[in-house]
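Note sheet for the following structure.
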Number of protein chains: 2
Amino acid sequence: MRFTANRIAGILREHGHKLTPQRHAILRVMAATHDHLTPEAIHEKARSSKPEIGLITVYRTLSLLSDLKLVCRVHAPNGCRGYMMRRPAEHHHHVVCSGCDRVVDFRGCHLADLEQEVLEETGFDINGHLLEFYGLCPDCSAAAPA
Amino acid sequence: MRFTANRIAGILREHGHKLTPQRHAILRVMAATHDHLTPEAIHEKARSSKPEIGLITVYRTLSLLSDLKLVCRVHAPNGCRGYMMRRPAEHHHHVVCSGCDRVVDFRGCHLADLEQEVLEETGFDINGHLLEFYGLCPDCSAAAPA
DNA sequence: ATGATAATGATAATCACTATCATGATAGCA
DNA sequence: TGCTATCATGATAGTGATTATCATTATCAT
């Protein structure tokens with residue numbers, strides 16, 4: 001289950017951040033979209049519920065949410081400007097469609113063994129990872145020529 | 001084994017690209033460095049063998065090498081401006097040090113099973129992936145407080 | 001050697017993102 | 001509910017990386 005906008009609003013307050021209409025608008029956009037969104041796209045969508053909101057505020061809010069680990073970046077091959085809501089306690093990763101740029105999460109990720117191997121090969125004290133798969137989503141796959 | 005600058009020069013020619021001294025200088029820099037390098041860093045190093053080279057040319061050459069899959073981007077948590085040489089037939093991934101930004105390759109990566117699971121969960125026709133581990137390299141690990 | 005073609009570099013433009021700062025809004029508290 | 005310290009916002013302008021344009025120059029097949 002992913003966070004709701006209201007749930008996150010509470011988390012913001014717990015951390016001593018004020019809950020402004022702008023932030024709430026952004027949260028609603030993020031929570032309502034399963035896909036990754038660029039700052040501009042978020043701004044665009046947020047304007048429909050809060051027309052005066054500035055792009056700057058979107059950047060600031062994303063930075064805040066990112067610090068609180070409520071939102072995470074998506075690294076697509078053609079750029080790294082996407083953000084999407086983070087599943088809370090759950091480890092997750094992305095599958096990015098090369099056709100339509102759609103991003104989908106997946107849950108299972110059993111990298112503990114691999115992490116151990118990498119530790120042995122490189123000596124690094126590993127504390128995190130980024131794993132993304134690329135391919136064609138079912139729709140684009142069906143539309144693509146055989 | 002990684003490509004040598006000369007080997008890549010041949011590949012460039014095979015694809016109908018001209019081999020200029022600038023490109024050769026950039027290739028030598030890339031081949032000589034195991035680490036990831038930003039466009040500026042590459043420019044800086046290339047200037048020692050070809051002082052008149054412009055940063056623009058570095059960008060263009062990186063873009064070309066990237067199209068030919070001879071070079072790949074490194075996605076670090078704090079930005080995505082790094083490039084490094086690609087091991088040819090060999091599947092490889094990066095371990096990025098959060099302390100000193102050093103990047104090391106590792107070889108073993110057994111994601112076939114996981115790829116299958118992801119296919120089942122998402123229906124995506126997967127054709128590639130990005131996997132990077134983050135942590136502290138042995139040096140930074142030793143320097144860090146316990 | 002020559003010429004078609006592609007690459008370079010200078011300049012300026014664009015694009016994403018950030019710093020600054022005065023104004024306005026929020027939330028804790030009486 | 002009203003007051004006030006503090007935080008957030010938005011306008012403006014600024015930064016820094018990357019890209020477009022275009023005249024000049026270099027490469028390579030002939």
Side-chain angles (χ1 to χ4, degrees), chain A residues 5-6 8-29 36-44 46-47 49-68 70-71 73-83 101, chain B residues 5-6 8-30 36-47 49-68 70-71 73-83 101:
Chain A
N6 282 331
I8 291 193
I11 294 176
L12 275 186
R13 221 178 289 137
E14 281 166 30
H15 282 82
H17 300 289
K18 292 182 176 170
L19 181 56
T20 63
Q22 288 90 337
R23 286 179 177 172
H24 214 262
I26 293 169
L27 288 173
R28 253 178 286 130
V29 170
H36 67 149
L37 295 167
T38 61
E40 279 116 300
I42 294 166
H43 182 221
E44 189 63 32
R47 281 167 68 84
S49 68
K50 190 93 182 56
E52 333 83 87
I53 194 170
L55 179 55
I56 312 168
T57 301
V58 175
Y59 278 109
R60 275 190 286 235
T61 304
L62 283 175
S63 166
L64 174 64
L65 294 174
S66 185
D67 287 346
L68 295 174
L70 296 170
V71 129
R73 268 194 123 98
V74 177
H75 295 250
N78 308 325
C80 307
R81 314 203 306 100
Y83 284 86
D101 273 349
Chain B
N6 282 330
I8 291 193
I11 295 175
L12 276 185
R13 220 177 289 136
E14 280 166 30
H15 282 82
H17 300 290
K18 293 181 178 171
L19 179 55
T20 63
Q22 288 90 337
R23 285 178 177 173
H24 214 265
I26 293 168
L27 288 174
R28 254 178 286 130
V29 170
M30 298 297 291
H36 67 147
L37 294 168
T38 61
E40 279 116 299
I42 294 166
H43 182 222
E44 189 63 32
K45 282 170 180 282
R47 281 167 68 86
S49 69
K50 190 92 181 58
E52 334 82 87
I53 195 171
L55 179 55
I56 312 166
T57 300
V58 174
Y59 278 108
R60 275 189 287 233
T61 303
L62 283 174
S63 166
L64 174 63
L65 294 174
S66 183
D67 288 347
L68 295 174
L70 296 171
V71 130
R73 268 194 125 99
V74 177
H75 295 250
N78 308 326
C80 308
R81 316 202 305 101
Y83 284 86
D101 274 349

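A note on names: the letters A, B, ... follow the listed sequences, proteins ahead of strands, and every chain is numbered from 1. Here the structure is a predicted model, which is why all the values come from computation and not from measurement.
- Spacing between atom CG of B:Leu64 and atom C1' of D:dT18 amounts to 17 Å, rounded to whole angstrom units.
- Proximity of A:Gln22 to the phosphate of D:dG10: a side-chain N or O atom is located under 4.0 Å from OP1 or OP2.
- Listed in residue order, the members of residues 12-20 of chain B having a heavy atom less than 4.0 Å from DNA chain C are B:His17, B:Lys18, B:Thr20.
- Here D:dT27 presents its C1' atom at 14 Å from NE2 of B:His24, a figure rounded to the nearest Å.
- In this structure, the side chains of B:Leu12 and B:Leu68 come closer than 4.5 Å at one or more pairs of heavy atoms.
- A:Arg13 has its side chain out of reach of A:Lys18: every pair of non-hydrogen atoms, C-beta onward, lies at least 4.5 Å apart.
- Between A:Glu52 atom CD and C:dT23 atom P the separation is 19 Å, expressed in whole Å.
- The base of C:dG9 lies close enough to the side chain of B:Arg60 for a donor and an acceptor atom to sit less than 3.5 Å apart.
- Of the inter-residue distances, the one linking B:Ile42 atom CD1 with B:Lys45 atom NZ reads 10.0 Å to the nearest 0.5 angstrom.
- Annotation: side chain of A:Tyr83 is not in contact with side chain of A:His36 (no heavy-atom distance under 4.5 Å).
- The only option from A:Ile8, A:Val71, A:Ile53 that meets the side-chain contact (heavy atoms from CB on, under 4.5 Å) definition with A:Ile26 turns out to be A:Ile53.
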*For DNA chain D, produce a single dot-bracket line, 5' to 3'. Pairs: Watson-Crick or G-U wobble, both distances under 3.5 Å. Symbols: ( ) within strand, [ ] crossing, | other strand, . unpaired.*
||||||||||||||||||||||||||||||

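- Of the options B:Asp67, B:Leu64, B:Leu65, a side-chain contact (heavy atoms from CB on, under 4.5 Å) to B:His17 is made by B:Leu64 and by none of the others.
- Across all non-hydrogen atoms, the minimal contact from B:Ala9 to B:Leu27 is N-CD1, 4.1 Å.
- Surrounding NZ of A:Lys50 are more than 12 heavy atoms belonging to other residues, nucleotides or ligands, all under 6.0 Å away.
- Between B:Leu55 atom CG and C:dT11 atom C1' there is a gap of 14 Å when expressed in whole angstrom units.
- Listed here is the closest heavy atom pair of A:Arg28 and A:Ser49: NH1-OG, 3.4 Å.
- One interatomic measurement links the two molecules: CD1 of A:Ile56 to P of C:dT23, which rounds to 17 Å at whole-angstrom precision.
- You'll find that the side chain of B:Pro21 is closest to D:dT27, out of D:dT27, C:dT8, D:dT18.
- Using a 4.0 Å heavy-atom cutoff across all strands shown, A:Arg23 reaches sugar-phosphate atoms only and no base atom.
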